[in-house]
There are 2 protein chains.
Amino acid sequence: MFSKFLGLEPKRRNAILNAALREFASKGFDDASTNVIAKEAGISKPLMFHYINNKKDFFLFLYDYCLDILNREYFDQIDVREKDIFERLRQTCLLKIQVMQKYPWIFDFIKIAVLTDSDVIKDELKKRRKMVETSSFERFYGDIDTSYFRSELDIEKAKQLIFWAVSGYAGQIVDKLRSSDISELNFEKIRTEFDGYLNELRKTYYK
Amino acid sequence: MFSKFLGLEPKRRNAILNAALREFASKGFDDASTNVIAKEAGISKPLMFHYINNKKDFFLFLYDYCLDILNREYFDQIDVREKDIFERLRQTCLLKIQVMQKYPWIFDFIKIAVLTDSDVIKDELKKRRKMVETSSFERFYGDIDTSYFRSELDIEKAKQLIFWAVSGYAGQIVDKLRSSDISELNFEKIRTEFDGYLNELRKTYYK
DNA sequence: ACATTATTTACCTAATAGGTCAATAATAAT
DNA sequence: ATTATTATTGACCTATTAGGTAAATAATGT
């Protein structure tokens, strides 16, 4: 059905893709404008409609397509054998940044797709809803090794607090990713800064 | 200029106020709809325009008005003599929840007003911009007593991590505040849960 | 030179935007 | 009870934008 879109050269396909993800993610389905998407993708509206059929189908297609991308490039890449929470966080966060360099709005798009209550797409989404984690917390950090934790701690609370702390840092990075040009961001510097925070957390939570 | 609005009985005034804050905060100035605001406030559009003059002036009025509210009911209430970071966080967060029970969107509105780049209001906002903190971090947590911290810690990183962790918890509460009816929320339970997390943090970061 | 594909200009109808006018409903004053 | 006044709304204005398409043009391959 979306073979025309899929058959495009990657550069244009990704231009349309990212323009759409951004518009949908930041405005929601109903308020998103196909005019804006076309303009930001750098093509005319009729040409875009030549590729995408209509707004609704396009959104639903994007949902499936993005879940595939995320499964391939994110979820499947996570090494579940790593049981150290800080190593796991390091891995998942860096991976996430990597994915977001290619698709800056993909996570927000999925989040909005899951949480939306737009009448037009609600039912369709309900049908095809594979098990997508809303919190991303239990799925990722349910099976870590807690034996390193300082004994006087409440493990569940500690895990939650660590997760929130790291999310705070990640949120800051994401803001930077979006405001500055992605290419000119110093990835190496981010990594060492991030490791600094992770070490600090390790010092406080581990024996 | 907005004497008509200010002279309203508090119930209606707050209905319009909160409807407007919500619409502006969640859509931004340009995309916010006066139709939606009037409908959600429970009055007709002409009546609303009878009170508010026009969209632009209304937004700018709201900006000043909300800063006043925040100064009176939030910033001025913070006990700056309290130098313990966890006590300070406890205080500010509970205060914030209290303010948000009255005006659920006031913080988001100010944030959007500060960050917006709408051509219509940008210049006007620049003129009247009193020093509003963007990060809220330095202003609140610059002068706390760090002597309780475990000696091997990097103080600045630790403060930042604590702040992020607490923000994570606060964000969760705010989501609940918005989804459920505010009145039916168990404030007492939140307080004890919050204290639980603060204690956990104290255990990990203090000697 | 022709057939085909890629792309845009110009347009459609319906909805919504900010905003107002003139009429109605409610209240207060006589 | 009647009038004067205030509070409130239905109907409407013009401009813009929404999603979407038909037909013409530009580019490409044969």
Side-chain angles (χ1 to χ4, degrees), chain A residues 1-17 19-63 112 116 118-122 124, chain B residues 1-17 19-63 112 116 118-122 124:
Chain A
M1 194 178 189
F2 274 80
S3 46
K4 260 179 273 175
F5 179 78
L6 291 167
L8 284 172
E9 43 168 359
K11 199 177 163 187
R12 172 166 286 181
R13 191 179 58 223
N14 283 332
I16 300 173
L17 182 67
L21 292 184
R22 171 170 171 181
E23 179 71 2
F24 281 129
S26 52
K27 305 257 187 80
F29 178 79
D30 290 331
D31 291 345
S33 157
T34 54
N35 292 9
V36 171
I37 296 173
K39 186 169 289 178
E40 200 175 336
I43 59 175
S44 67
K45 189 166 59 159
L47 183 54
M48 194 179 74
F49 271 93
H50 174 66
Y51 299 137
I52 71 159
N53 199 21
N54 64 51
K55 187 183 177 183
K56 180 184 167 185
D57 291 349
F58 186 39
F59 187 96
L60 294 171
F61 163 80
L62 284 177
Y63 180 74
I112 260 224
T116 190
S118 162
D119 293 330
V120 186
I121 47 170
K122 203 169 43 174
E124 284 284 347
Chain B
M1 193 177 188
F2 273 80
S3 47
K4 259 178 272 176
F5 179 78
L6 291 166
L8 285 172
E9 44 168 358
K11 198 178 163 186
R12 171 166 289 181
R13 191 180 55 223
N14 283 331
I16 300 174
L17 182 68
L21 292 184
R22 172 171 170 182
E23 179 70 2
F24 282 127
S26 52
K27 305 257 188 80
F29 178 79
D30 290 333
D31 291 345
S33 157
T34 53
N35 292 5
V36 171
I37 296 174
K39 187 171 286 177
E40 199 175 335
I43 60 176
S44 67
K45 188 164 60 158
L47 183 54
M48 195 179 73
F49 271 93
H50 174 66
Y51 300 137
I52 70 160
N53 197 23
N54 64 51
K55 188 183 177 184
K56 179 184 166 185
D57 291 350
F58 187 38
F59 187 96
L60 294 172
F61 163 80
L62 284 177
Y63 180 74
I112 260 223
T116 190
S118 163
D119 293 329
V120 186
I121 47 170
K122 201 169 45 173
E124 284 284 347

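All chains are named by letter (A, B, ...) in the order of the sequence lines, taking the proteins before the strands, and each is independently numbered beginning at 1.
Each salt bridge (Lys or Arg N to Asp or Glu O under 4.0 Å) pair with one or both residues in residues 30-55 of chain B, not counting sequence neighbours, appears once here: K27(A)-D31(B), R22(B)-E40(B).
Within the model, atoms CZ of F29(A) and CG of L62(A) stand 10.5 Å from one another, a figure rounded to the nearest 0.5 Å. Going from atom CE of M48(A) over to atom CZ of F58(A) covers 6.5 Å, rounded to the nearest 0.5 Å. Note that CD1 of I16(A) is 5.5 Å distant from CG of L8(A), once rounded to the nearest 0.5 Å. Rounded to the nearest 0.5 Å, atoms CZ (F24(B)) and OG (S118(B)) are 10.0 Å apart. With values rounded to the nearest 0.5 angstrom, L47(A) atom CG is found 5.0 Å from S44(A) atom OG.
Note: NZ (K55(B)) to C1' (dA17(C)) measures 8 Å, nearest angstrom. Here dT16(C) presents its C1' atom at 12 Å from CG of D31(B), a figure rounded to the nearest Å. In this structure, CD1 of I37(B) is placed 11 Å from P of dG19(C), rounded to the nearest angstrom. We find that CD of E9(A) is positioned 12 Å from C1' of dA6(C), with the value rounded to whole Å. In this structure, K27(B) atom NZ and dT16(C) atom P are separated by 12 Å, rounded to whole Å.
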Please report the C-alpha distance between F61(A) and F2(A) in whole Å, then the side-chain angles of each, then the deciding distance to 0.1 Å, and finally whether the ring-ring contact (aromatic ring centres under 6.0 Å, His included) criterion is met.
-> CA-CA 8 Å; F61(A) 163 80; F2(A) 274 80; 4.4 Å; yes
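The stretch residues 40-51 of chain B comes close to DNA chain C through K45(B), P46(B), F49(B), each having a heavy atom under 4.0 Å from the strand.
Along DNA chain D, the stretch of nucleotides lying under 4.0 Å from any heavy atom of chain B spans, 5' to 3', dT8(D) to dG10(D).
Residues I37(A) and A19(A) share a closest heavy-atom pair of O-CB, 3.7 Å.
The phosphate of dA17(C) has OP1 or OP2 within less than 4.0 Å of a side-chain N or O from N35(B).
Among the protein residues, A32(B) comes within range of the sugar-phosphate backbone only, with heavy atoms under 4.0 Å from sugar or phosphate atoms but none that close to a base.
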